[in-house]
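Numbering of residues begins at 1 and proceeds along the displayed sequence.
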Amino acid sequence: EMPAALTSEGVIKVLLSANLNSAPVSPAPPAAAPVKEKELPITPNYIRSPVLGYKVDTRDKEMTPVQEKKPRMEVTTGHNPPPAHRRQVLTTLGHEMILKVRVADTEDPDYIEIELPGDSLTLDTLTLVAASELGVQTDQVDRVRRMPNTRLRRDKEVARLPDYQEIELV
């Protein structure tokens, strides 16, 4: 059987016959009868067990306008931007900081998001807001841990936290 007999694509047959013409002459291949496609020995699951009762909702839905967040960095002209270590602190003033918090060593491993006002980025505010959102007494909180292994001790460290930082109350 010749390679050109295995395909039904005209382009591939032309390429394979060009290779045959440059090869040494061999006896002429017998005329190939059209090959019927054989059934697969298996039936795929998506054909054997189609999804029952699948419906597509084609109703028009009301388009609600998407509210865009204000950018955290204001465009300033005329002077250089502050250094990278101070840029975060200055741009978050007046804006809220979003953090992910959870209680350490509990059955629920999920975090919840809390928002800290930009004008009060302190360790006490973080502890108070996180404890009230998680339903924990503030006197039960021994320390605040920045994941994976950093203990927060000062207000300056809280002000440096990026948005969506994972925090644990221990």
- request: State plainly whether the residues Glu113 and Lys100 are in salt-bridge range, i.e. N to O under 4.0 Å.
  value: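 Not counted as a salt bridge, because no side-chain N and carboxylate O are separated by less than 4.0 Å.
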
- request: Using the side-chain contact (heavy atoms from CB on, under 4.5 Å) rule, pick out the option among Val144, Leu121, Asp155 that qualifies with Leu126.
  value: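 The side-chain contact (heavy atoms from CB on, under 4.5 Å) with Leu126 is passed solely by Val144 among Val144, Leu121, Asp155.
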
Once rounded to the nearest 0.5 Å, what's the spacing between atom [atom1] of [X] and atom [atom2] of [Y]?
X      : Y      : atom1 : atom2 : answer
Leu6   : Lys13  : CG    : NZ    : 10.0 Å
Asp163 : Glu96  : CG    : CD    : 8.5 Å
Glu133 : Ile112 : CD    : CD1   : 5.0 Å
Lys156 : Leu123 : NZ    : CG    : 14.5 Å
Arg160 : Gln165 : CZ    : CD    : 12.0 Å
Ile114 : Ile98  : CD1   : CD1   : 10.5 Å

message: Apply the hydrophobic cluster definition, ILVMFWY joined by side-chain contacts under 4.5 Å directly or through others, and give me every member besides Tyr111.
response: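 Tyr111 shares its hydrophobic cluster with Met147.
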
message: Are the side chains of Arg143 and Arg151 in contact, using a 4.5 Å heavy-atom criterion?
response: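 In contact.
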
message: With a 4.5 Å cut-off on side-chain heavy atoms, are Met97 and Leu161 touching?
response: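 They are in contact (side-chain heavy atoms under 4.5 Å apart), so the answer is yes.
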
task: Test side chain to side chain contact (heavy atoms under 4.5 Å, CB included) on Arg146 and Ile167 and set out the steps.
output: CA-CA 5 Å; Arg146 175 182 174 189; Ile167 303 290; 4.3 Å; yes

query: Out of curiosity, does Leu152 fall in the hydrophobic cluster containing Leu128 (side-chain heavy atoms, cut-off under 4.5 Å, transitive links)?
result: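 Cluster IDs for Leu128 and Leu152 differ.
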
message: Is it the case that atom CG in Asp139 sees more than 12 heavy atoms from other parts of the structure closer than 6.0 Å?
response: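 Check passes, neighbour count above 12.
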
- request: Can you see which heavy atom on Leu99 is nearest to which on Pro162, and at what distance?
  value: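 Of all heavy-atom pairs spanning Leu99 and Pro162, the closest is CD2-O, 3.7 Å.
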
- request: Mind listing the closest non-hydrogen atom pair of Val170 and Ala104 along with its distance?
  value: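 It is CG2-CB, 4.0 Å.
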
query: Between the main-chain N or O of Arg154 and the side-chain N or O of Glu157, is there a donor-acceptor pair closer than 3.5 Å?
result: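 Side chain of Glu157 to backbone of Arg154: a pair is present.
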
- prompt: Looking at residues at least two apart in the chain, or sitting in another chain, which of them share a side-chain hydrogen bond (donor to acceptor under 3.5 Å, both in side chains) with Thr125?
  reply: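 By the side-chain hydrogen bond (donor to acceptor under 3.5 Å, both in side chains) rule, Thr125 matches Thr122.
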
